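All ligand and atom numbering here is 1-based and tracks the order in the structure. What's counted below: heavy atoms across the whole structure, side chains too, no hydrogens, waters or symmetry copies. Remember, it's a predicted structure, so these values are computed and weren't measured experimentally.
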Amino acid sequence: MCSRRTWLILGGVGVLLLSVIIPVAVKMTLPLKRTFITRCEDYQGYDCQKLWSAFQQAYVGKDPCKVPMEAYDAVIAAAPFKPECSNMMFWSKTKDLVQDFIKKRECILTLEKTVLGFVLDGLIWCGKEGSSETSTSGCPSWRVCENNPVGSFWRRASTAFADFACGDVTAVLSGDIKKPFDPDSVFGSIELKRFKSPRVRSLKIVLVSRKNAESNCMNPSFQDLQKELDAGIAYSCTEMTESKFNECSSDPKKPCGPCW
Ligand code: AVW
């Protein structure tokens, strides 16, 4: 016979299994397709089955280190951006900060607000040679190989998004690091190089830091940035604390206009 204590322990383990471990395991094994289609349908306005089939042909059945960014050309073509030339925001090393910010500012457009950015935000996927399956774990990162399915997708999507950039563009960079502008980042190596005058009128860098900033707008890396920037695009940089930046997103007087 089991003692009362044993029953209590068994009960506790059962509750833990039901409430934490099982849901996490199920979530991890949810097929990517389901997440893709569900998010795509929530987004509305696109043929989600068509997008899925164009998307998965980029990597399914392929060596996950041999998926170049061009593999995603078809899915990018199947999800054209809605013409909307305003308030485009780019970021580097500041994803979480910007994600919180744009939740409150509907009219600011980031890549994660376009259909494919929204559908694939934060996900991991890859295929395998000789298999029709999609894996969502054990996929190679950029440390293993550059042409991995996730990295190549974001580089391809960022290229399209930056080609589409127009008007006054903002990029949110981090003042908490020594080199806020990294020429090897997606922002530095892809997006910045696609901004073209006169389509893009200006680029404003918003350098956001916690209390004791590591770098400011005089940082030498910004000279490298300006060298890369197409002549004719007006450049400016402004420093801001994280709390000011967050306050700015909830300023009811400025639902859309710039806050810096
Ligand atoms: P980083 P980057 N979900 O902070 O300048 C998951 O150094 O390189 O910034 N991963 C993503 C997402 C996303 N929504 N977006 C980008 N990534 C990957 C897209 C990507 O491989 C935006 F338009 C990137 O290298 C930004 O202006 C890494 O996460 C620009 O690219 C973030 O590295 C940020 O790329």
- Pick whichever of Gly122, Gly151, Ser185 has a heavy atom sitting closest to atom 6 (C) of ligand 1. Gly122
- Task: Taking all heavy atoms of Trp52 and all of Ile37, pick out the closest pair and write down the distance.
- Result: CB-CD1, 3.9 Å
- Task: Check whether any side-chain heavy atom of Ser215 sits under 4.5 Å from a side-chain heavy atom of Pro180, and report yes or no.
- Result: yes
Going by an N to O cut-off under 4.0 Å, is there a salt bridge joining [X] and [Y]?
{"X": "Asp42", "Y": "Arg39", "answer": "no"}
{"X": "Lys95", "Y": "Asp121", "answer": "yes"}
{"X": "Lys93", "Y": "Asp182", "answer": "yes"}

- Verify, without hydrogens or angle tests, whether Glu133 (side chain) and Lys128 (backbone) share a donor-acceptor contact under 3.5 angstrom. no
- Does Lys178 offer a backbone N or O that forms a donor-acceptor pair with the side chain of Asn219 under 3.5 Å? yes
- Task: With heavy atoms of Phe187 as the reference, note each atom of ligand 1 found under 4.0 Å away.
- Result: 2 (P), 5 (O)
- Message: salt bridge (charged side-chain N to carboxylate O under 4.0 Å, His left out) for Asp73 and Arg156? Distances and angles first, verdict last.
- Response: CA-CA 8 Å; Asp73 285 353; Arg156 182 63 188 87; 2.6 Å; yes
Among all protein heavy atoms in this structure, tell me which lies nearest to [atom], with the distance rounded to 0.1 Å.
{"atom": "atom 20 (C) of ligand 1", "value": "Trp154 CB, 3.7 Å"}
{"atom": "atom 1 (P) of ligand 1", "value": "Lys93 N, 3.7 Å"}
{"atom": "atom 29 (O) of ligand 1", "value": "Trp91 CH2, 4.5 Å"}
{"atom": "atom 27 (O) of ligand 1", "value": "Glu191 OE1, 2.6 Å"}
{"atom": "atom 14 (N) of ligand 1", "value": "Asp121 OD1, 2.7 Å"}
{"atom": "atom 24 (C) of ligand 1", "value": "Val186 CG2, 3.9 Å"}

- Query: Does Phe90, backbone or side chain, put an N or O under 3.5 Å from an N or O of ligand 1?
  - Reply: no
With backbone taken as N, CA, C and O and side chain as the heavy atoms from C-beta onward, which portion of [X] lies under 4.0 Å from ligand 1: side chain, backbone, both, or neither?
{"X": "Ser92", "answer": "both"}
{"X": "Lys95", "answer": "side chain"}
{"X": "Glu112", "answer": "side chain"}

- Task: Test Asp163 against Lys196 for salt bridge (charged side-chain N to carboxylate O under 4.0 Å, His left out), laying out the working first.
- Result: CA-CA 8 Å; Asp163 278 340; Lys196 293 287 171 243; over 6 Å; no
- Query: Taking the non-hydrogen atoms of Ser158, is any one of them nearer than 4.0 angstrom to ligand 1?
  - Reply: yes
